[in-house]
Q: 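Just passing along the structure, written as structure tokens.
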Amino acid sequence: MISTRKYDAVVVGAGHAGIEAALAISRSGYQVLLLTMDLDSIGEMSCNPAIGGLAKGHIVREIDALGGEMGLATDATGIQFRMLNRSKGPAVWAPRAQADKKQYHIYMKRVLEHEKNIHLMQAQVTDILVRGGKCFGVRTQIGQEFLGETVILSTGTFLEGLVHIGEVHYPAGRNSESPAIGLSESLRKHGIETVRFKTGTPPRLHAKSIDWSVLEEQKGDDPPSPFSFRTEKLQVDQLSCYLTYTNERTHDLIRKNLHRSPLYAGHIVGIGARYCPSIEDKVVKFADKTRHQIYLEPEGRDTSEIYANGLPTSLPQDVQDEMIHTIQGLENAEVMRWGYAIEYDCVPPTQLDHSLETKKVKILFHAGQINCTSGYEEAAAQGIMAGFNVIRKLRGQTPFVINRSEAYIGVLIDDLVTRGTNEPYRMFTSRAEFRLLLRQDNADERLMTYGYQFGLISKETYERCRARNERIQREIERLRHEFIDHVTLDRYLKRPDVDYKSLADKGLHNQNLTADEIARVEAAVKYEGYISRQLIEVNRFKKLEGKGIPENTDFFKIRGIRRETQEKLSKIRPASIGQASRIPGITACDLSLLAVYLSRGEKKPAP
């Protein structure tokens, strides 16, 4: 049966990527069909019930500045809020929150259901519909066909998903949920390559069976800092997390049972994340470590389930049970859900443009874990960017691309489409060359104009942001022109033993600034020299990005360039010299020859 209605966008999957994509498009006035295999799993936190963290927190604040929903949802459902890395420089400060897993899902489902331009439907998509190299819709498991001007796939870990627990393995998209069968084959039929990746999750424990008295308590910040720039103040009764550790008994038990781990027994062929390894991997690869941290995190206010963060495993159930009981505080812990590993298909992202549109099939966009990433935050960032680019496509406009100097989101997407990844991609602050400029506190200053232009940020919020930034700049200027002991206040504030509170103690402060605004003033003043140097580097970066490469360039005609380079350039098809420079294996000599070739082309007389 073919739907008689054609939607502006068909979004497949209602996880973190699909939610942001659907909301962005619909809030810009377009009709969206959002298909999900289970309406009761919208916005599901498949792994840990937390949002943010190192670099990930930066991404969430950027999504929020663009008008996304993740920050607001976290503020509404959070049960603990912390700013990580406060002992270090502000460039690596990162907000993190524990969310109530069930309430987060309920919040997101309610938001989608109340969005007038979104049509929610439970269905399993098995095929993309393609004609003349363009996608025009999807087909479901029961033969329904839905037509769309554009299509976004945000399928998470469901493509041909396979769960592993010890010697047992069975098809699933998540434990107890059905996998998506058929869609991978449909993609391959249309020339889109897939690869096999793997991720894992730890067991969930019953709170009443844990001896909390012997564990190290981790409280939230007082007062808590909201994720969203649109949340003026958080009032929340925060729950604590607790810290414990594995030990040599734990590690010995794991070593003795490695032959029963599907990872080491050869049953798992998918590639796992190096930076989020299973406990089996940690014990093998970090054999010198005598212990590993385990954070016990509540999954919500109205549940006794505790997430054992740091203990992902696919060991058999009996080994998991015995392993848990070797850990302090967990000697009598009861398992409510077993840990498991899951293999799934995903699409190497070098097959995408920066707009997240696939190169082989036009009008088809990919967002989230289908693009070989891991993490809710990375998925949501791709979702909102795919949404923005669908909007631009529907308007007949050029793609919307945020570059590496503007946001972590720009780093994320550029890394994926330019460099690719041979393991589930996770964002780190070290991946960003200009991280001192890309702080979590100034995401609104960097990106809110875009959110406002797309209509996702209200005029009131935008004007409030502008007023906040003006207050900060006025205060920085004031500090440059007022003195204390023959030294300007900004020079005085640069001293290692001086902070803004020191000015307040002397009555030299601005009483109208909030704590967040004070922190931004301090960062701007104390790191002025470093910031100035990074701005010079940004200008160099933009010059290289400005040296465009025509879409129809035949890289095999460039003399002197290595065959390997020609093949890589032809596959990635970089849009600029700057992007070409970031392709792995491209040398300075290659770039010089490419630049010379392009300059000669520019000088050719018109026919």
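If you're wondering where the values come from, they're calculated on a predicted model, not measured in any experiment.
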Q: Is Leu205 close to Tyr307 at the side-chain level, that is, under 4.5 Å between some pair of heavy atoms?
A: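 No; the side chains remain at least 4.5 Å from each other.
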Q: Taking atom types as modelled, find out whether Thr449 and Tyr462 have a side-chain donor-acceptor pair closer than 3.5 angstrom.
A: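 Yes.
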Q: Could you state the interatomic distance from CZ (Phe229) to CD (Glu62), rounded to the nearest 0.5 Å?
A: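 Taking CZ in Phe229 and CD in Glu62, the distance rounds to 9.0 Å.
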Q: Walk me through whether Glu113 and Arg110 qualify under salt bridge (Lys or Arg N to Asp or Glu O under 4.0 Å).
A: CA-CA 5 Å; Glu113 288 174 341; Arg110 183 169 58 244; over 6 Å; no
Q: Just checking, any donor-acceptor pair under 3.5 angstrom between side chains of Tyr107 and Glu69?
A: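 Indeed, the side chains of Tyr107 and Glu69 share at least one donor-acceptor pair under 3.5 Å.
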Q: Do the side chains of Arg468 and Asp444 get close enough for a salt bridge, i.e. N-O under 4.0 angstrom?
A: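 Salt bridge flag = yes for Asp444 with Arg468.
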Q: Are side-chain heavy atoms of Leu352 and Leu416 found at a separation under 4.5 Å?
A: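 No, their side chains stay 4.5 Å or more apart.
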Q: Any Lys/Arg nitrogen of Glu378 or Lys56 sitting under 4.0 Å from an Asp/Glu carboxylate oxygen of the other?
A: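 So Glu378 pairs with Lys56 through a salt bridge.
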Q: More than 12 heavy atoms of other residues, nucleotides or ligands under 6.0 Å from NZ of Lys571: yes or no?
A: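 No, not enclosed.
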Q: Do side-chain atoms of Thr36 reach the backbone of Gln122 as a donor and acceptor pair under 3.5 angstrom?
A: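 Checked: no pair found.
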Q: Considering non-hydrogen atoms only, spot the tightest contact between Phe158 and Ser178 and give its length.
A: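 Answer, listing the atom of Phe158 first, then Ser178: CD2-O, 3.2 Å.
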Q: Any chance you could measure Ser458, atom OG, to Arg230, atom CZ, to the nearest 0.5 Å?
A: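 Between atom OG of Ser458 and atom CZ of Arg230 there are 8.0 Å.
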Q: For the residue pair Ile128 and His190, establish whether any side-chain heavy-atom pair is separated by less than 4.5 Å.
A: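 Counting from C-beta outward, Ile128 and His190 do come under 4.5 Å.
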Q: May I ask you to decide whether Glu551 forms a salt bridge with Arg573, counting only side-chain N to carboxylate O separations under 4.0 Å?
A: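 Here Glu551 does not pair with Arg573 in a salt bridge, since their nearest N and O are not under 4.0 Å apart.
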Q: Apply side-chain contact (heavy atoms from CB on, under 4.5 Å) to the pair Leu112 and Ile42, showing each step before the final yes or no.
A: CA-CA 9 Å; Leu112 292 173; Ile42 287 171; 3.6 Å; yes
Q: How far apart are the C-alpha atoms of His366 and Ser154, what are their side-chain angles, what is the distance that settles it, and do they pass the side-chain contact (heavy atoms from CB on, under 4.5 Å) test?
A: CA-CA 6 Å; His366 288 179; Ser154 52; over 6 Å; no
Q: Would you say Leu84 and Leu54 make side-chain contact, with heavy atoms under 4.5 Å?
A: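 Of all side-chain heavy-atom pairs linking Leu54 with Leu84, at least one is under 4.5 Å.
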Q: Please tell me if the side chains of Ile268 and Glu343 come closer than 4.5 Å, counting only heavy atoms from C-beta onward.
A: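 Result yes, sub-4.5 Å side-chain heavy-atom pair found.
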Q: Looking at Arg404 and Asp415, is any side-chain nitrogen of the basic one under 4.0 Å from a carboxylate oxygen of the acidic one?
A: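 Arg404 and Asp415: salt-bridged.
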Q: Where is the tightest heavy-atom contact between Ala341 and Lys198, given as atom of each residue plus distance?
A: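 Heavy-atom minimum between the residues: CB-CE, 4.0 Å.
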Q: Salt bridge or not for Arg139 and Glu145, using N-O below 4.0 Å?
A: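 A salt bridge is present here (some side-chain N lies under 4.0 Å from a carboxylate O).
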Q: If you apply the rule side-chain contact (heavy atoms from CB on, under 4.5 Å), what do you find for His16 with Glu377, and how did you get there?
A: CA-CA 8 Å; His16 304 281; Glu377 303 84 358; over 6 Å; no
Q: If you measure only the distance, is there a donor-acceptor pair under 3.5 Å linking the side chains of Asp345 and Ser184?
A: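 Yes, a side-chain donor-acceptor pair sits under 3.5 Å.
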Q: Measuring from Asp40:CG to Lys102:NZ, what's the distance to the nearest 0.5 Å?
A: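 Result: 7.5 Å between the selected atoms.
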Q: Is it the case that Gln382 and Asn371 place a side-chain donor and acceptor less than 3.5 Å from each other?
A: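 Indeed, the side chains of Gln382 and Asn371 share at least one donor-acceptor pair under 3.5 Å.
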Q: Identify the heavy atoms of Ile457 and Gly67 that sit nearest to each other, and give their distance.
A: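 For Ile457 and Gly67, the tightest heavy-atom pair comes out as CD1-CA, 3.6 Å.
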Q: Given the rule in the salt bridge (Lys or Arg N to Asp or Glu O under 4.0 Å) test, do Asp100 and Arg301 qualify, once you have shown the distances and angles that lead to the verdict?
A: CA-CA 7 Å; Asp100 186 305; Arg301 295 189 187 279; 5.2 Å; no
Q: Out of Glu334, Glu299, Glu297, which one pairs with Arg204 under the salt bridge (charged side-chain N to carboxylate O under 4.0 Å, His left out) rule?
A: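 Filter result, single survivor: Glu299.
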Q: If you round to the nearest 0.5 Å, how far is NZ of Lys360 from CG of Leu187?
A: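 Here the rounded value is 11.5 Å.
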Q: Would you say the side chains of Asn403 and Ser405 form a donor-acceptor pair under 3.5 Å?
A: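 Looking only at side-chain atoms, Ser405 and Asn403 do form a donor-acceptor pair, the distance falling under 3.5 Å.
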Q: Once the angle between the rings of His169 and His267 is folded into 0 to 90°, is it parallel (under 30°), tilted (30 to 60°) or perpendicular (over 60°)?
A: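 Tilted: the ring planes of His169 and His267 meet at 30° to 60°.
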Q: With a cut-off of 6.0 Å (strictly less than), are more than 12 heavy atoms of other residues, nucleotides or ligands near NZ of Lys208?
A: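 Not more than 12 within 6.0 Å, no.
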Q: Could you tell me whether the side chains of Ser240 and Gln80 share a donor-acceptor contact shorter than 3.5 Å?
A: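 Absent: no donor and acceptor within the cut-off.
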Q: Quick check: closest heavy atoms across Val347 and Glu193, and the distance to 0.1 Å?
A: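 So the two residues come closest at CG1-O, 3.6 Å.
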Q: For Arg337, does the CZ atom sit with more than 12 other heavy atoms under 6.0 Å from it, leaving out its own atoms?
A: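 No, not enclosed.
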Q: Taking all atoms of both residues into account, what is the closest heavy-atom pair of Tyr104 and Ala73, and its distance?
A: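 Taking Tyr104 first and Ala73 second, the nearest heavy atoms are CE1-CB, 3.6 Å.
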Q: Are side-chain heavy atoms of Asn469 and Cys465 found at a separation under 4.5 Å?
A: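 Yes, at least one pair of side-chain atoms sits under 4.5 Å.
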Q: Distance check, rounded to the nearest 0.5 Å: Thr199 atom OG1 versus Arg174 atom CZ?
A: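 Answer for the OG1-CZ pair, Thr199 versus Arg174, is 12.0 Å.
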Q: Could you walk me through whether Arg27 and Glu115 satisfy the salt bridge (Lys or Arg N to Asp or Glu O under 4.0 Å) test, starting with their C-alpha distance in whole Å, then the side-chain angles of each, then the deciding distance to 0.1 Å, before giving a yes or no?
A: CA-CA 8 Å; Arg27 287 170 174 173; Glu115 192 63 44; 3.2 Å; yes
Q: Could you check whether Asn117 and Gln31, counting side-chain N and O atoms only, form a donor-acceptor pair closer than 3.5 Å?
A: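 The criterion, which ignores hydrogens and geometry beyond distance, is satisfied for Asn117 and Gln31.
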Q: Would a distance-only check, ignoring hydrogens and angles, find a side-chain to backbone donor-acceptor pair under 3.5 Å from Thr155 to Leu159?
A: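 Checking the backbone N and O of Leu159 against the side chain of Thr155, no donor-acceptor pair under 3.5 Å is found.
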Q: When you look at Tyr7 and Phe146, which way does the ring-ring contact (aromatic ring centres under 6.0 Å, His included) test go after all the steps?
A: CA-CA 8 Å; Tyr7 296 89; Phe146 295 101; 7.0 Å; no
Q: Do we see a donor-acceptor contact under 3.5 Å between the side chains of Arg435 and His58?
A: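 Judged by distance alone, the side chains do not pair up.
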Q: How about Thr126 and Gln141: does a side-chain donor come under 3.5 Å of a side-chain acceptor?
A: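 On atom types as modelled, these side chains do not qualify, holding no pair under 3.5 Å.
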Q: Which atom pair, heavy atoms only, marks the closest approach of Arg392 to Pro399?
A: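 Taking Arg392 first and Pro399 second, the nearest heavy atoms are NH2-O, 4.0 Å.
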Q: Is Arg131 atom CZ crowded by more than 12 heavy atoms from other residues, nucleotides or ligands, each under 6.0 Å away?
A: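 No - once you tally the heavy atoms of other residues, nucleotides and ligands closer than 6.0 Å, there are 12 at most.
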Q: Can the ring centres of His164 and Tyr340 be said to be less than 6.0 Å apart?
A: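 That pair fails the under 6.0 Å test.
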Q: Rounded to the nearest 0.5 Å, what's the gap from CD1 on Ile192 to CD1 on Ile370? Could you check?
A: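 That separation rounds to 8.0 Å.
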Q: Using the rule given for side-chain contact (heavy atoms from CB on, under 4.5 Å), can you reason through Leu438 versus Arg446, listing the C-alpha separation, both sets of side-chain angles and the distance that settles it, and then say yes or no?
A: CA-CA 8 Å; Leu438 309 182; Arg446 293 183 278 116; 3.8 Å; yes
Q: For this output row, return yes or no: ring centroids of Tyr450 and Phe400 closer than 6.0 angstrom.
A: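 Centroid separation for Tyr450 and Phe400: below 6.0 Å.
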Q: Are any non-hydrogen side-chain atoms of Ile210 and Leu296 less than 4.5 angstrom apart?
A: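 Heavy-atom side-chain distance check passes, below 4.5 Å.
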Q: Checking Ser228 against Asp75: is there a side-chain donor and acceptor pair closer than 3.5 Å?
A: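 Asp75 vs Ser228: no donor-acceptor pair found between side chains.
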Q: Any heavy-atom pair between the side chains of Leu162 and Ile342 that's under 4.5 Å?
A: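 SC-SC contact between Ile342 and Leu162 ruled out.
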Q: Are there over 12 heavy-atom neighbours, none belonging to Gln397, within less than 6.0 Å of that residue's CD?
A: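 Check passes, neighbour count above 12.
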Q: Flag the pair Tyr295 / Tyr242 as yes when their ring centroid distance falls below 6.0 Å, and as no otherwise.
A: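 Ring-ring flag for Tyr295/Tyr242: false, centres at least 6.0 Å apart.
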